[in-house]
Amino acid sequence: FALNLRWCVLVHVDCLTVLLHAARTFGTGLQMPVHEWAMLASLVVITALGKRHLESVERSMFKTLAVERVHRAQAEFALEHRPGEASNQSKECHHDASSTVPSVPSTTVTGKQFGALAEDTVLSEQLDGIRKI
């Protein structure tokens with residue numbers, strides 16, 4: 001993944017957190033033990049790493065979702081344009097915009113293909129039908 005603008009801004013915010021605390025501490029003349037500085041710096045670093053990890057996981061999950069949607073659209077397109085009875089059946093399933101009948105998954109071409117997976121048949125036979133797509 002590429003380093004985006006938000007990550008570059010967060011580096012400045014993270015550094016600014018520690019620097020502002022240092023300026024407030026030294027500006028008021030307060031003494032802060034070294035272990036407290038280490039604790040503050042470690043909390044900032046851990047939080048920053050957590051933010052970056054979370055964003056990379058979200059990007060990865062979005063990429064997976066996009067790929068799955070593309071595959072689904074391609075499978076539906078292939079089923080729609082497949083020669084033979086499936087294309088004839090799919091034309092019968094379409095309703096115009098004024099139709100009050102909702103789309104039922106068991107009446108669509110993909111619904112029939114994937115619905116066969118729930119029936120008691122051999123798994124290899126079921127997958128062969130999907131592979132032909």
Side-chain angles (χ1 to χ4, degrees):
F1 295 110
L3 188 65
N4 67 7
L5 182 63
R6 185 169 36 180
W7 286 18
C8 296
V9 171
L10 283 177
V11 168
H12 294 98
V13 170
D14 295 336
C15 293
L16 193 62
T17 301
V18 176
L19 292 176
L20 284 176
H21 187 72
R24 184 189 65 87
T25 302
F26 292 128
T28 58
L30 296 174
Q31 292 293 328
M32 189 170 170
V34 175
H35 71 277
E36 289 181 14
W37 280 106
M39 180 71 74
L40 175 64
S42 64
L43 284 174
V44 168
V45 168
I46 290 170
T47 303
L49 292 175
K51 287 179 196 176
R52 284 156 180 78
H53 177 70
L54 178 64
E55 184 168 343
S56 67
V57 168
E58 287 174 348
R59 286 172 176 252
S60 175
M61 290 172 58
F62 179 76
K63 181 181 174 184
T64 302
L65 177 68
V67 167
E68 287 176 359
R69 286 187 179 177
V70 167
H71 287 171
R72 169 119 186 177
Q74 289 173 343
E76 288 179 354
F77 181 79
L79 280 173
E80 189 71 28
H81 293 89
R82 192 172 76 182
E85 70 177 54
S87 62
N88 294 334
Q89 291 174 354
S90 66
K91 291 177 184 173
E92 296 171 5
C93 295
H94 291 298
H95 301 288
D96 59 343
S98 63
S99 176
T100 59
V101 179
S103 176
V104 179
S106 62
T107 62
T108 61
V109 178
T110 53
K112 290 177 183 176
Q113 287 291 328
F114 289 104
L117 292 175
E119 297 174 1
D120 292 332
T121 58
V122 179
L123 182 61
S124 62
E125 292 175 4
Q126 297 169 354
L127 294 177
D128 286 338
I130 295 173
R131 283 187 197 116
K132 290 178 185 177
I133 297 171

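The basis for the numbers below is simple: all heavy atoms, side chains too, and nothing from hydrogens, waters or symmetry mates. Note that the numbering runs from 1 along the sequence shown for the chain.
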Quick note, salt bridge (charged side-chain N to carboxylate O under 4.0 Å, His left out) partners involving residues 39-53, not counting sequence neighbours, are Asp14-Arg52
Rounding to 0.5 Å, atoms CD (Glu76) and NE2 (His71) come to a distance of 13.5 Å
Exactly one of Glu58, Arg59, His53 clears side-chain contact (heavy atoms from CB on, under 4.5 Å) with Ser56, and that residue is His53
Should Arg72 and Glu68 count as an ion pair when the cut-off is N to O under 4.0 Å?
-> no
Indicate yes or no for a side-chain donor-acceptor contact from His81 to the backbone of Phe77 under 3.5 Å, with no hydrogens or angles considered.
-> yes
Give the table of side-chain donor-acceptor pairs shorter than 3.5 Å for residues 25-39, with sequence neighbours excluded, one pair per line with atom names and distance.
unit_1	atom_1	unit_2	atom_2	d
Thr25	OG1	His21	O	2.8
Thr28	OG1	Arg24	O	2.9
Thr28	OG1	Thr25	O	3.2

Taking ILVMFWY side chains as joined if any heavy atoms are under 4.5 angstrom apart, and letting links pass through other members, which residues group with Val57?
-> Met61
